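Just below is one structure, and these are the notes that go with it.
Everything numeric in this text was worked out from a predicted model, so none of it was measured.
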Amino acid sequence: MAQEKSLLGIDFDPETLKRYHARGYPALYGDVSDPEFLLHLPYRQAEWVIMATPPQRTGVIGVDQRVALIQTLRDAGYTGRIAVTSHDLWDARQMVKAGADVVLNPFSDGAARAVEKITGQPVRQEEEIFGAGQAS
């Protein structure tokens, strides 16, 4: 039997929050790129933090928000696992180097799932082959 997991969605789009709430999911309004906001969330007891933010560089020096979030969590003592989204293998490698435990690629993951559903055969993807700690 699958273990129950609790989740908390964070978004700065009020329409997205309405959809979360309509489906019965807890969600808060906020900007996770703000380290101060992040540190006030109940992440310490979370087994996973999943970031579905797109690759986006911000600030004067162009820091990737996902990397900044990973560093903020780790610096604050978070010991759980972190999953992030990526859209290509180079970026996935950068996320693993930054400390992500799992990198999700919505496009290839979705295509692989479609192939599995159609053929009934599992698909081995590059992201599965390239795991955490194997970045070069």
Side-chain angles (χ1 to χ4, degrees):
M1 177 167 233
Q3 182 180 348
E4 284 273 330
K5 302 283 183 190
S6 61
L7 78 105
L8 173 63
I10 309 294
D11 210 299
F12 59 87
D13 178 5
E15 292 303 314
T16 299
L17 291 174
K18 285 180 188 176
R19 286 194 302 274
Y20 287 158
H21 292 144
R23 293 180 180 154
Y25 296 129
L28 297 174
Y29 178 85
D31 183 356
V32 295
S33 67
D34 176 2
E36 290 298 315
F37 174 75
L38 184 67
L39 294 176
H40 289 44
L41 294 174
Y43 65 87
R44 286 173 184 81
Q45 59 270 30
E47 187 177 335
W48 281 92
V49 170
I50 303 169
M51 294 180 231
T53 57
Q56 183 178 9
R57 299 197 181 282
T58 60
V60 175
I61 58 174
V63 175
D64 188 311
Q65 287 182 353
R66 298 164 302 157
V67 172
L69 288 168
I70 292 168
Q71 290 173 343
T72 298
L73 286 167
R74 296 299 188 209
D75 289 348
Y78 178 68
T79 58
R81 299 188 71 197
I82 298 173
V84 298
T85 55
S86 177
H87 296 291
D88 60 61
L89 190 55
W90 180 88
D91 184 64
R93 286 187 175 116
Q94 300 311 304
M95 293 302 100
V96 171
K97 285 179 182 179
D101 297 294
V102 173
V103 178
L104 308 167
N105 183 317
F107 299 116
S108 66
D109 292 346
R113 182 72 177 126
V115 170
E116 289 173 354
K117 288 182 90 167
I118 292 167
T119 67
Q121 300 295 316
V123 173
R124 187 174 172 124
Q125 297 175 258
E126 284 185 284
E127 288 80 6
E128 293 171 349
I129 296 167
F130 178 77
Q134 297 175 356
S136 55

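- Within the structure, every pair that satisfies the side-chain hydrogen bond (donor to acceptor under 3.5 Å, both in side chains) test and touches residues 72-86, not counting sequence neighbours, is listed here: R74-D101, S86-D91.
- Pairs engaging residues 15-31 under the salt bridge (Lys or Arg N to Asp or Glu O under 4.0 Å) rule: E15-K18 [sequence neighbours left out].
- Shown here are the ring-ring contact (aromatic ring centres under 6.0 Å, His included) partners of F107, two or more places apart in sequence or in another chain: H87.
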What verdict does the side chain to side chain contact (heavy atoms under 4.5 Å, CB included) test give for V49 and L73, after you've listed the backbone C-alpha separation in whole Å, the side-chain angles of each residue and the deciding distance to 0.1 Å? CA-CA 9 Å; V49 170; L73 286 167; 3.8 Å; yes
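- The shortest side-chain heavy-atom distance between Q121 and V115 does not fall under the 4.5 Å cut-off.
- For H21, there are no ring-ring contact (aromatic ring centres under 6.0 Å, His included) partners two or more places apart in sequence or in a different chain.
- Applying the side chain to side chain contact (heavy atoms under 4.5 Å, CB included) test to Q45 and every residue at least two apart in sequence or in another chain returns P42.
- For the pair S108 and N105, the tightest heavy-atom approach, listed with the atom from each and the gap, is N-OD1, 3.1 Å.
- For A111, there are no side chain to side chain contact (heavy atoms under 4.5 Å, CB included) partners, not counting sequence neighbours.
- Shortest non-hydrogen contact noted between I70 and A98 is CG2-O, 3.2 Å.
- Taking both residues in full, the closest heavy atoms of G30 and F37 are given as CA-CZ, 3.6 Å, listed atom of the first, atom of the second, then distance.
- L28 meets the side chain to side chain contact (heavy atoms under 4.5 Å, CB included) test with L8, I10, L41; sequence neighbours excluded.
- The two atoms that bring Y43 and A76 nearest to each other are OH-CB, 3.0 Å, heavy atoms only.
- Nearest heavy atoms, G9 versus Y20: CA-CE1, 4.2 Å.
- Contact of the Y29 side chain with the D13 side chain is not registered, since no non-hydrogen atoms from C-beta on lie closer than 4.5 Å.
- Using a 4.5 Å cut-off on side-chain heavy atoms (C-beta onward), R113 and D109 make no contact.
- No side-chain heavy atom of M95 sits less than 4.5 Å from a side-chain heavy atom of I82.
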